[in-house]
Amino acid sequence: MLDEKEIVSRIIKGDFRAFELLVKEYEKLVFFVINRLVSDIQDKEDICQEVFIKVHKSLSTFKFESKLATWIARIAYLTAINYTKKYKRQTAYPEGMDDFHFNDETPEHLLDKKNMAEYVNLLIGQMPLPYRTALTMYHLNDFSCKEIEQITGTPEGTVKSNLFRARKLLKEKIEKDLKKEQL
C-alpha cells in the first residue's frame, strides 16, 4: 500500500518512477470503473490512459479531503461518462428508470448454467447506467455509498436507492428465468 502523501509529493516534484507506482497501484480500479460504462475494449484502454493523464496534470490540486483512490475513481467515472455522452450519444440517466425491464430473451440463449457469473454480468450490462454504476462500485470495487457519492456526484440517498432497485431487478429477473427453465 502506498503512502498517499509521500507518493503525491514525489510526483509533484517530477519523480516519474513514483507516478509509475501510482499507475500500477490504481490501474485495476480505473479499469473496473470504466469497464461497466464503456463496451469497446479499445475505447476502455484509451479512456484509462486519458484518466492517468488527467490524474498527473491535476495531482497538485488534490487536497487529501478523500482517499486518493476515491479521487482517482471520480476522475475515471467522469471521463467515462463524458466519453459516452460525446461519442456514443447515450444519455447517462435514461428516461423511465422506474419502468426499466430487461429484454425478453430466453434463458436458453442467455443462461449458461456453467457460467452464472457471465449471465449476471450480462444482466448488469443491460441495466441503466446509474444502477450499473452503483452495483459495480459497491459490490465489485468495495466503495461505500458515501464514496460512490463522492465519485459520481450522485447524492448518497440516490446511490442507496439505485443499489436497492438494481438488486431487486436482478433478483426478479434471475428468479423469473429460473422458473421458466424449470417448466
Side-chain angles (χ1 to χ4, degrees), residues 1-95 97 121 124-125 127-167:
M1 193 70 186
L2 299 176
D3 177 350
E4 293 181 354
K5 290 187 179 192
E6 179 187 339
I7 199 90
V8 169
S9 174
R10 287 175 47 199
I11 294 168
I12 291 171
K13 291 177 185 173
D15 184 343
F16 186 72
R17 182 81 176 120
F19 186 67
E20 286 178 347
L21 291 172
L22 180 131
V23 170
K24 190 165 187 77
E25 179 76 17
Y26 295 109
E27 65 188 349
K28 286 182 182 176
L29 167 69
V30 169
F31 183 79
F32 282 132
V33 169
I34 292 168
N35 188 44
R36 291 287 180 189
L37 306 175
V38 178
S39 56
D40 183 80
I41 188 68
Q42 183 64 45
D43 293 341
K44 290 176 189 181
E45 292 171 0
D46 292 345
I47 294 168
C48 285
Q49 289 178 358
E50 185 178 340
V51 166
F52 283 110
I53 290 169
K54 288 179 177 182
V55 166
H56 190 271
K57 286 181 179 178
S58 348
L59 207 50
S60 62
T61 65
F62 181 61
K63 304 294 184 215
F64 298 96
E65 294 170 353
S66 65
K67 294 190 295 187
L68 186 58
T70 304
W71 184 75
I72 291 172
R74 178 162 176 75
I75 292 172
Y77 173 79
L78 292 175
T79 303
I81 292 296
N82 288 339
Y83 171 85
T84 59
K85 286 179 182 176
K86 184 174 181 180
Y87 295 106
K88 300 298 181 189
R89 306 289 184 240
Q90 297 173 347
T91 58
Y93 298 95
E95 300 280 332
M97 277 181 23
N121 281 328
I124 292 170
M127 290 183 157
L129 184 61
Y131 292 176
R132 206 169 52 219
T133 301
L135 274 175
T136 302
M137 289 187 172
Y138 188 83
H139 289 291
L140 300 180
N141 298 117
D142 294 324
F143 284 114
S144 68
C145 290
K146 187 68 176 166
E147 289 171 321
I148 296 170
E149 174 186 25
Q150 292 172 344
I151 292 166
T152 64
T154 304
E156 185 177 2
T158 304
V159 170
K160 289 177 180 178
S161 175
N162 288 343
L163 195 54
F164 173 80
R165 289 177 179 165
R167 287 178 186 144

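With rounding to the nearest 0.5 Å, the separation of CZ in R74 from CD in E149 is 9.5 Å. To the nearest 0.5 Å, the span separating OG1 on T79 from CG on D46 amounts to 12.5 Å. Note: I34 CD1 to F32 CZ = 12.0 Å, rounded to the nearest 0.5 Å. Remark: F19 CZ to F52 CZ distance equals 6.5 Å, nearest 0.5 Å. Note: I75 CD1 to E50 CD = 11.0 Å, rounded to the nearest 0.5 Å. Atom CD1 of I81 is separated from atom CD1 of I47 by 10.0 Å, given to the nearest 0.5 angstrom.
Heavy atoms only, all atoms of each residue included: R10 and L21 are closest at NH2-CD1, 4.3 Å. Of all the heavy atoms in A76 and V33, the pair that sits closest is CB-CG1, 3.9 Å.
Applying the side-chain hydrogen bond (donor to acceptor under 3.5 Å, both in side chains) criterion to E6, with sequence neighbours excluded, gives no partner residue. Every residue was checked against the side-chain hydrogen bond (donor to acceptor under 3.5 Å, both in side chains) condition with K28, not counting sequence neighbours, and none meets it. Annotation: side-chain contact (heavy atoms from CB on, under 4.5 Å) contacts of N82 (sequence neighbours excluded): none. Under the rule for a side-chain hydrogen bond (donor to acceptor under 3.5 Å, both in side chains), E45 has no partner lying at least two apart in sequence or in another chain.
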Requested in this report: Apply salt bridge (Lys or Arg N to Asp or Glu O under 4.0 Å) to K160 and E156, showing your working.
Outcome: CA-CA 6 Å; K160 289 177 180 178; E156 185 177 2; 3.6 Å; yes
Query - Stepwise side chain to side chain contact (heavy atoms under 4.5 Å, CB included) test for I148 and L163 - result: CA-CA 11 Å; I148 296 170; L163 195 54; 5.9 Å; no
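P130 places none of its side-chain heavy atoms less than 4.5 Å from the side chain of T154. Two residues are said to be in side-chain contact when any heavy atoms from C-beta on lie closer than 4.5 Å; I7 and D3 fail this criterion.
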Can you give me every donor-acceptor pair (side chain of residues 56-70, partner residue at least two apart or in another chain, under 3.5 Å) with its distance?
from: S58; atom 1: OG; to: K54; atom 2: O; distance (Å): 2.5
from: T61; atom 1: OG1; to: S58; atom 2: O; distance (Å): 2.6
from: K67; atom 1: NZ; to: E147; atom 2: OE2; distance (Å): 2.8

Can I get a per-line list of side-chain donor-acceptor pairs under 3.5 Å for residues 134-141, giving both atom names and the distance, sequence neighbours left out?
from: T136; atom 1: OG1; to: R36; atom 2: NE; distance (Å): 3.4
from: T136; atom 1: OG1; to: R132; atom 2: O; distance (Å): 2.8
from: H139; atom 1: NE2; to: R167; atom 2: NE; distance (Å): 3.2
from: H139; atom 1: NE2; to: R167; atom 2: NH2; distance (Å): 3.2

